[in-house]
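So the structure is just underneath, and the comments pick up after that.
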Amino acid sequence: MKIIGTGRAVPKHTVSNDMLSEFLDTSDEWIVPRTGIHTRQIITDETLQDLAIEASKKALADSGLEAKDIDFILCSNVANNYVTPAMSAFIQEATGCTCPFFDINGACAGFIYALDIADAYMHSGRAKNILIVAAEEVTKFCNWKQRETSVLFGDGAAAAVVSYDAEPMPVILTGDANYKDVITYRRKLEQTPFEQPDKAVNEAMILKGRDVFRMAVTCAKRDIKALLDKAGLQPSDIKYFMLHQANKRIVDAIQEHLEMPAEKFPTIIDHSGNTSSASVPLLIDETAEKGMINEGDLLLLDAFGAGFVTGAAIVKWGKKSK
Ligand code: UT7
């Protein structure tokens, strides 16, 4: 499978660490060395649907394809204020595509899970071109009185048009539900007359940061090595290692472990914060826009998140530099 077009859209409101310290007991001095985050974009009067649609239209235009050429739309989204219809329904309508669509929740690794589904559809002969969109508004899962979570996240959407390639995409997905409690966000649904009122739970995100950090580093090292072995590649065959932007220190730990130069690990976390599954395609689009990716380059993508799920894949860049 190859990527033939990308696009992104982020909220217009930039929030600095100093702005957060006006209402939280936190500081730039605490946030930057522990996370690498300086600013993040946070939704105000846009909707997540607006961002997902804008990113999708840009990716479609960048691919050179028309709406009628898209055989499927997959949207990675953990949550938004529509439980139904899916985010991908809004995207289908606005882009003029007529193909089937559905959303998936693979937490922060959702974009890689969507790539895997797309590759399987392509290799079963059911699709040639697929629009994959990752759209997330994690800032709305946080309790904004808790500094432990709210300083970490940002919002955004990014999309990629992927197309059939004769070689199947090397991929590794793992899940270990023994660790499902390390990140949780529980929402109350409607109350029925048949249950006790106090049974329904509404609880902002709970993040066991140290556990997630440890697991992220351990899993990413394991998955990247296994994926390179599976693909018969050396780290030097990879143009860029594009890791989920959860924490700059996690990226640095993997880079040191692989003994590869820092330039092979581009990051955007300084100005994006953690945007869950949107982080990897946002990173791809920003890197491509700088003209840093050329036709035939191999990108190793790696992400991890609630579940606990992980995903790593090697995708080919299928177009000239942006
Ligand atoms: O996409 C996947 C989801 N999430 C992640 O990948 C997050 C992974 N984890 C991390 O990035 C790091 O664990 C954090 C950045 C979340 C936290 O860094 P840490 O070095 O593990 O800090 P900590 O949680 O152990 O907290 C250390 C101290 C605590 O104070 P005491 O108990 O030592 O007095 C916290 O209360 O820092 C305090 N603290 C803060 N202080 C200022 C926690 N958050 C803040 C804050 N500002 N925002």
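Start at 1 with the first residue, then count along the sequence. When a ligand or atom number is given, it counts from 1 through the structure's own listing order.
Residue Lys264 qualifies as enclosed at atom NZ: its count of foreign heavy atoms under 6.0 Å is above 12. Taking a 6.0 Å sphere around CZ of Phe265, one finds it holds more than 12 heavy atoms contributed by other residues, nucleotides or ligands. Residue-environment remark: NZ (Lys239) exceeds the threshold of 12 foreign heavy atoms within 6.0 Å. Within 6.0 Å of CD in Gln234 there are 12 or fewer heavy atoms belonging to other residues, nucleotides or ligands.
Of the candidates Leu48, Asn105, Val133, Asn77 forms a side chain to side chain contact (heavy atoms under 4.5 Å, CB included) with just one, namely Leu48. The only option from Gln41, Arg40, His38 that meets the side chain to side chain donor-acceptor pair (under 3.5 Å) definition with Thr14 turns out to be Gln41. Between Ile132 and the options Ile117, Thr6, Ile104, Leu115, a side chain to side chain contact (heavy atoms under 4.5 Å, CB included) holds for only Leu115. Applying ring pair (Phe, Tyr, Trp, His ring centres under 6.0 Å) to Phe72 and the options Tyr164, Phe101, Phe102 leaves one that passes, Phe102.
Atoms of ligand 1 lying under 4.0 Å from any heavy atom of Arg249, numbered from 1 in the order shown and given with element: 18 (O), 20 (O). For ligand 1, the atoms lying closer than 4.0 Å to a non-hydrogen atom of Thr35 are 15 (C). Every atom of ligand 1 with a heavy atom of Ile183 under 4.0 Å away is listed here by number and element: 3 (C). The distance from ligand 1 to the heavy atoms of Val151 drops below 4.0 Å at these ligand atoms: 48 (N). Remark: ligand 1 atoms within the under-4.0 Å shell around heavy atoms of Arg34 are 18 (O), 20 (O). Atoms of ligand 1 lying under 4.0 Å from at least one heavy atom of Asn274, given by number and element, are 1 (O), 2 (C), 3 (C), 4 (N).
Considering only non-hydrogen protein atoms, atom 25 (O) of ligand 1 sits nearest to Arg210 NE, 2.7 Å. In terms of protein heavy atoms, atom 5 (C) of ligand 1 is closest to Val212 CG1, 3.5 Å. Nearest protein heavy-atom neighbour of atom 9 (N) of ligand 1: Gly209 O, 3.0 Å. Atom 10 (C) of ligand 1 has as its closest protein heavy atom Asn247 ND2, 3.6 Å. Nearest protein neighbour of atom 47 (N) of ligand 1, counting heavy atoms only, is Thr26 OG1, 2.7 Å.
Heavy atoms of Asp25 come nearer than 4.0 angstrom to ligand 1 in at least one pair. Taking a 4.0 Å cut-off on heavy atoms, Cys108 registers as neighbouring ligand 1.
Remark: side-chain polar atoms of Asp223 are not paired, donor with acceptor, to backbone N or O of Ala312 under 3.5 angstrom. Panel note: side chain Glu148, backbone Leu207; no donor-acceptor pair is recorded below 3.5 Å.
Within the 4.0 angstrom cut-off, atom 2 (C) of ligand 1 has one or more protein heavy-atom neighbours. For atom 34 (O) of ligand 1, the nearest protein heavy atom lies 4.0 Å or farther away. The presence of a protein heavy atom under 4.0 Å from atom 37 (O) of ligand 1 is confirmed.
Interatomic distance, NZ of Lys248 versus CD1 of Ile250, reported as 12.0 Å (0.5 Å rounding).
Only side-chain heavy atoms of Leu152 come within less than 4.0 Å of ligand 1; its backbone N, CA, C and O stay farther off. Proximity of Leu207 to ligand 1, defined as any heavy-atom pair under 4.0 Å, is confined to the side chain (atoms from C-beta onward).
The distance criterion of under 3.5 Å between nitrogen or oxygen atoms is not met by Ser27 with respect to ligand 1.
Distances from atom 30 (O) of ligand 1 to the heavy atoms of Arg147, His244, Glu148 put Arg147 nearest. Ranked by closest heavy atom to atom 43 (C) of ligand 1, the top entry among Phe308, Trp30, Phe213 is Trp30.
Hydrophobic clustering keeps Ile284 apart from Ile4 (ILVMFWY residues linked when any side-chain heavy atoms are closer than 4.5 Å, directly or through intermediates).
For the residue pair Asn80 and Gln49, a side-chain donor N or O sits within less than 3.5 Å of a side-chain acceptor on the partner.
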